[in-house]
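Structure first, commentary second.
Order of listing sets the numbers, starting from 1, for every ligand and every atom in it.
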Amino acid sequence: MSTSTTEIPARGGNITAVPSITAEERKPLTKKEIVADHPTWCPGCGDFSVLALYFKLIEKRKMWHEKITTVAGIGCSSRFPYFVQAHGAHYIHGRALPFASGISISRPDLHVFVFGGDGDAFSIGGNHFNHTARKNIKMTYVVMDNWVYGLTKKQTSPTSPLGFKSKTDTWGAVDYPINPMKQAISAGASFVARTTHTNPAHVMQMMEAAMDHDGFRFVECLSECVEFYEGAFDASNPRKGGVFNLVPADHDVTNEMAAYKLADEPFPGYFGIFYKVNKPTKNAKEAGINTGAMEKVKGLKDWQILQKTFDRMK
Ligand SMILES: Cc1ncc(C[n+]2csc(CCOP(=O)(O)OP(=O)(O)O)c2C)c(N)n1
Ligand code: SF4
Ligand SMILES: [Mg+2]
């Protein structure tokens with residue numbers, strides 16, 4: 001540790017000298033420091049895997065405690081922030097994205113992660129999903145898709161397949177399910193990937209690739225609800241006799257039509273990055289507007305800025 005000191009004001013206005021350390025000297029955050037309450041999910045729930053990989057990601061990428069924020073809506077999957085000992089919010093059902101957007105735009109130094117379920121993302125939050133994607137707001141959004149409403153004990157979700165018997169469709173679901181990948185691409189997300197909780201190395205790979213992309217990153221992660229939709233994803237799990245097909249190596253991730261084609265494959269489909277393009281984020285655009293506005297009032301006192309505003313109103 002460096003022996004140099006830095007002056008920071010203590011509570012009450014006094015000045016206290018505390019030792020300062022450089023970024024290189026600072027110890028990376030460990031899993032032990034970031035694990036919160038014991039997760040209350042059912043034993044065997046796919047969400048455990050996603051949480052464990054989030055901790056691993058934080059450790060591996062040496063993210064600092066005060067630079068991470070974990071946001072969610074409502075649902076079993078959305079309990080996620082409770083289990084992370086860091087800043088974050090368990091917000092309103094379907095409204096995690098607008099809340100996270102505010103954080104992302106006002107604090108560009110933070111890693112903003114949003115976790116949630118298929119109901120939260122595509123039913124009540126469907127509107128916000130489309131708009132956050134089209135605005136290309138910088139954040140990582142992992143939808144833990146279990147094809148059902150788990151928390152409310154088995155209702156049909158927008159991703160439930162036709163014929164799925166639930167408490168809201170006792171004779172079997174009659175509504176056509178949405179395709180999250182197609183929806184994300186068409187809404188304007190600049191990073192769209194698909195993974196499954198049964199392949200932890202792949203989940204990690206997708207989360208890392210997402211983090212490294214500048215824009216709205218959407219990751220659909222199949223996450224089995226063992227209580228209300230057991231075996232939903234067996235066809236994608238080689239340990240259950242299914243197949244796990246990676247996105248073909250020659251797929252052009254910048255080709256939107258090719259991405260739709262991949263997304264159109266019947267289940268189990270493909271896993272990997274379907275779409276990834278670079279385009280300016282809302283964060284960058286707004287920062288540009290702010291810089292321009294600040295430039296115009298450079299050197300002026302607050303009252304002079306106010307006076308200028310009043311003058312314009314005359
Ligand atoms: C405004 C509002 N409407 C409905 C509910 C009830 N509700 C809570 S969670 C949920 C669905 C959650 O499903 P999903 O997002 O798929 O999460 P999962 O539990 O499957 O992980 C619903 C309908 C609520 N809490 N608030
Ligand atoms: S009800 Fe389903 S989604 Fe919810 S914790 Fe249990 S297994 Fe997981
Ligand atoms: Mg769900």
Margin query: Using the side chain to side chain contact (heavy atoms under 4.5 Å, CB included) criterion, which residues pair with E66? Sequence neighbours excluded.
Written below: R26, W64
Check: Is the distance between atom 8 (Fe) of ligand 2 and the nearest N/O/S atom of C225 smaller than 2.8 Å?
Finding: no
Check: Under 6.0 Å between the ring centres of Y54 and F80?
Finding: yes
Note to self: Would you say the ring centers of F122 and F129 fall short of 6.0 Å from each other?
What the structure shows: yes
Next item on the list: Can you check the number of protein N/O/S atoms within less than 2.8 Å of the Mg ion (ligand 3)?
Entry: 3
Item checked: Residue pair T195 / H202, side-chain donor-acceptor N/O under 3.5 Å -> yes
Next item on the list: For the residue pair N136 and S190, confirm or rule out a side-chain donor-acceptor distance under 3.5 Å.
Entry: yes
Quick one: which ligand 2 atoms are inside 4.0 Å of a heavy atom on [X]?
| X | value |
| --- | --- |
| C76 | 1 (S), 3 (S), 4 (Fe), 5 (S) |
| C45 | 3 (S), 5 (S), 7 (S), 8 (Fe) |
| N146 | 3 (S) |
| F228 | 1 (S) |

Item checked: Option from F267, F228, F164 for which ring pair (Phe, Tyr, Trp, His ring centres under 6.0 Å) with W147 holds -> F267
Check: Less than 4.5 Å apart, any side-chain heavy atom of V192 and any of M181?
Finding: yes
Next item on the list: Could you point out which residue of T40, D47, I34 forms a side-chain contact (heavy atoms from CB on, under 4.5 Å) with F83?
Entry: T40
Notebook entry, point to check: Using a heavy-atom cut-off of under 4.0 Å, does the side chain or the backbone of Y229 touch ligand 2, or both, or neither?
Noted result: neither
Next item on the list: With heavy atoms only and a cut-off of under 4.0 Å, state how V148 meets ligand 2: side chain, backbone, both or neither.
Entry: neither
Notebook entry, point to check: Contact between V226 and ligand 2, counting heavy atoms under 4.0 Å?
Noted result: yes
Notebook entry, point to check: Got more than 12 heavy atoms from elsewhere within 6.0 Å of NZ, K167?
Noted result: yes
Notebook entry, point to check: Could R61 and D212 be called an ion pair, given the rule that one side-chain N must be under 4.0 Å from one carboxylate O?
Noted result: yes
Item checked: Test: K60 and E208 ion pair at under 4.0 Å -> yes
Check: For the residue pair P268 and A235, what are the closest heavy atoms and their distance?
Finding: CG-O, 3.4 Å
Notebook entry, point to check: Going by the salt bridge (Lys or Arg N to Asp or Glu O under 4.0 Å) test, which pairs reach into residues 131-150, not counting sequence neighbours?
Noted result: K138-D214
Give me the pairs of N or O atoms, one from ligand 1 and one from the protein, that sit under 3.5 Å apart.
residue, atom, partner, partner atom, Å
ligand 1, 15 (O), G119, N, 3.2
ligand 1, 15 (O), D120, N, 2.7
ligand 1, 16 (O), D118, N, 3.4
ligand 1, 16 (O), D118, OD1, 3.0
ligand 1, 16 (O), G119, N, 2.9
ligand 1, 16 (O), V148, O, 3.2
ligand 1, 19 (O), C76, N, 2.8
ligand 1, 19 (O), G150, N, 3.3
ligand 1, 19 (O), L151, N, 2.9
ligand 1, 20 (O), N146, OD1, 3.3
ligand 1, 20 (O), N146, ND2, 3.0
ligand 1, 20 (O), V148, O, 3.0
ligand 1, 20 (O), G150, N, 2.9
ligand 1, 21 (O), C76, N, 3.4
ligand 1, 21 (O), S77, N, 3.0
ligand 1, 21 (O), S77, OG, 2.7

Margin query: Test side-chain contact (heavy atoms from CB on, under 4.5 Å) on F244 and S236; report intermediate values, then the result.
Written below: CA-CA 5 Å; F244 177 80; S236 65; 5.6 Å; no
Check: Is atom 6 (Fe) of ligand 2 less than 2.8 Å from at least one N/O/S atom of C42?
Finding: yes
